[in-house]
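Counting starts at 1 for both ligands and their atoms, in listed order.
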Amino acid sequence: MGHYGDLQTQIYQDGLRGVLPDYPVDFATLEKRAENALSPSLLNYVQGGCGDEHTQRSNASAFHHWGMVPRMLVDCTSRDLSVDLLGMTLPSPIFMAPIGVNGEITQDQRGDIAAAEASAMTGVPFCASTLSNSPLEEVANATGSVPAFFQLYTPKNPDLAESLIRRAEAADYKALVITLDTWVTGWRPRDLNASNFPQLRGKVLENYFSDPVFRATLARPPEEDIAAAVQAWATTFGKVLTWSDIEWFRSITRLPIILKGICHPDDARRAADHGVDAIYCSNHGGRQANGGIAAIDMLSDVVNAAGEMPTLFDSGVRSGSDVIKALALGAKAVGIGRPYAYGLAIGGAKGAAHVLRSILAEADLLMAVNGYPTVEALVEEGASRI
Ligand code: FNR
């Protein structure tokens with residue numbers, strides 16, 4: 001049986017023929033390459049965060065104060081990174097976090113499709129954002145047979161919210177990820193200093209522009225009056241959700257519901273009480289609130305409070321060893337965000353697929369060297385605070 005870590009052998013073998021990897025395998029080099037590939041405004045939008053960006057830096061650096069104790073004399077010649085999530089068996093424990101400007105990141109502005117193709121190429125599920133340059137149906141189609149999730153930014157117009165959810169069901173998305181922390185945009189100095197907010201420039205709004213309910217609210221279609229369509233979008237974006245809304249979501253969809261942005265154990269318990277299917281511990285990569293606490297430091301309390309309910313995680317994951325630490329702290333599946341976006345920037349679907357494969361290879365080899373043959377074994381071992 002092949003292992004994700006076999007990528008390493010392949011790279012060294014290719015090197016013997018004088019062939020070097022097209023894309024870097026580490027985050028620092030990847031980010032540098034992406035800095036050269038993206039326009040300044042888009043780079044600011046993807047790379048930047050809230051306030052002085054302390055939280056987003058902490059998200060990544062906090063992984064350094066978690067560690068894994070190696071175990072020896074364990075046969076790890078065969079490793080299994082598969083996980084069970086919401087009735088699905090996924091071949092690996094990672095997924096692609098929703099990124100609302102994927103569409104803009106590739107030169108052809110079809111980056112949502114490229115991201116979906118990277119998912120199809122790697123078997124890593126893609127969580128498609130509401131903010132997209134391609135309609136959610138086309139995105140789902142490009143993921144092939146790999147399960148995909150749909151991330152909802154809940155509009156104020158309930159008919160539009162329902163329409164988006166119905167479309168996600170019809171397109172065979174396997175879960176509805178409801179983002180809780182973004183009814184209003186956080187204070188992002190890089191974007192403010194450049195006065196750049198892509199949505200207000202008519203970007204990444206195709207899911208709205210293609211929606212019959214949204215279109216019915218317009219005097220003239222977006223193709224004829226983009227300014228009015230953007231204004232209508234701005235008016236409906238960002239319903240303030242409270243716990244009572246969760247029953248409404250439950251009442252209208254059969255899709256498993258995942259609440260994204262849960263960082264407090266009490267909120268995790270409340271989510272369980274409301275019968276949601278999973279929670280997603282994330283501080284939006286430090287883009288929304290500069291609250292100062294790294295997401296990984298909040299994970300294990302959230303997992304403990306969630307009990308049987310699975311907890312997904314993202315924010316600051318930059319490598320395979322970060323993935324392993326998040327799993328050891330109880331995450332059921334780990335979201336990759338900016339790294340795959342940078343992969344899209346430097347190599348489209350192939351670039352993003354390479355980033356995902358490199359992360360999985362490092363995770364697999366850490367398990368091989370440290371003596372954890374399965375995800376269960378490393379969860380049992382746990383991560384230590386250094
Ligand atoms: C995001 N994120 C995000 N989340 C979401 O629920 N819907 C969205 O449309 C977006 N859009 C988005 C755009 C960009 C440019 C970034 C970087 C992030 C947040 C994303 O899903 C995830 O929580 C973070 O990316 C995790 O942080 P890191 O690991 O990427 O730093």
### Message
Set out, in order, the CA-CA distance, both residues' side-chain angles and the distance that settles ring-ring contact (aromatic ring centres under 6.0 Å, His included) for Phe149 and Phe126, then state yes or no.
### Response
CA-CA 6 Å; Phe149 313 138; Phe126 178 42; 9.6 Å; no

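The side chain to side chain donor-acceptor pair (under 3.5 Å) check on Gln47 picks up Glu31, Glu35, Arg190, with sequence neighbours excluded.
Atom 4 (N) of ligand 1 has Lys260 NZ, 3.0 Å as its closest protein atom, hydrogens excluded (heavy atom only). Regarding atom 18 (C) of ligand 1, its nearest protein heavy-atom neighbour is Arg287 CD, 3.4 Å. Protein heavy atom nearest atom 6 (O) of ligand 1, with residue, atom name and distance: Thr179 OG1, 2.7 Å. Among all non-hydrogen protein atoms, the one lying nearest atom 27 (O) of ligand 1 is Gly285 CA, 3.0 Å. In terms of protein heavy atoms, atom 30 (O) of ligand 1 is closest to Arg338 N, 2.8 Å. Counting protein heavy atoms only, atom 26 (C) of ligand 1 is closest to Asp314 OD1, 3.5 Å. If you check which protein heavy atom lies closest to atom 19 (C) of ligand 1, you get His284 CD2, 3.3 Å. Counting protein heavy atoms only, atom 8 (C) of ligand 1 is closest to Tyr153 OH, 3.0 Å.
When each atom of ligand 1 is checked for a heavy atom of Val46 under 4.0 Å away, the hits are 15 (C), 17 (C). Listed by number with element, the atoms of ligand 1 under 4.0 Å from a non-hydrogen atom of Gly100 are 8 (C), 9 (O), 10 (C), 11 (N), 12 (C), 13 (C). Every atom of ligand 1 with a heavy atom of Val101 under 4.0 Å away is listed here by number and element: 15 (C). Near Gly337, meaning under 4.0 Å from one of its heavy atoms, ligand 1 places the atoms 25 (O), 30 (O). Those atoms of ligand 1 with a heavy atom of Ser282 less than 4.0 angstrom away are 23 (O). Every atom of ligand 1 with a heavy atom of Ser129 under 4.0 Å away is listed here by number and element: 8 (C), 9 (O).
Checked by distance only, ligand 1 and Tyr280 stay at 3.5 Å or farther apart across all their nitrogen or oxygen atoms. Between Gln151 and ligand 1, at least one N/O pair is under 3.5 Å apart.
The number of heavy atoms from other shown groups lying within 6.0 Å of NZ (Lys156) is above 12.
Of the candidates Ser315, Gly316, Pro98, Pro98 brings a heavy atom nearest to atom 2 (N) of ligand 1.
Between Lys260 and Asp181 no salt bridge is recorded (no basic side-chain N to carboxylate O distance below 4.0 Å). Ion pairing between Glu53 and Arg287 fails under the 4.0 Å rule for side-chain N and carboxylate O. Using a 4.0 Å cut-off between charged side-chain N and carboxylate O, Arg215 and Glu223 make a salt bridge. Using a 4.0 Å cut-off between a side-chain N of Lys or Arg and a carboxylate O of Asp or Glu, Arg269 and Asp266 qualify as a salt bridge. Arg167 has a carboxylate O that lies under 4.0 Å from a charged side-chain N of Asp211, or vice versa, which qualifies the two as a salt bridge.
For the pair Arg357 and Tyr23, the cation does not sit on the ring face, since its NZ or CZ is not both under 6.0 Å from the ring centre and inside 45° of the axis.
Distances from ligand 1 to the non-hydrogen atoms of Val317 include at least one value under 4.0 Å.
Across Leu327 and Val379, no two heavy atoms sit closer than the pair O-CG2, 3.5 Å.
Taking the six-membered ring for Trp and the full ring otherwise, the centers of Phe95 and Tyr280 sit less than 6.0 Å from each other.
Proximity of Arg318 to ligand 1, defined as any heavy-atom pair under 4.0 Å, is confined to the side chain (atoms from C-beta onward).
The ring-ring contact (aromatic ring centres under 6.0 Å, His included) test with His274 is passed by exactly one of Trp243, Phe249, Trp248: Trp243.
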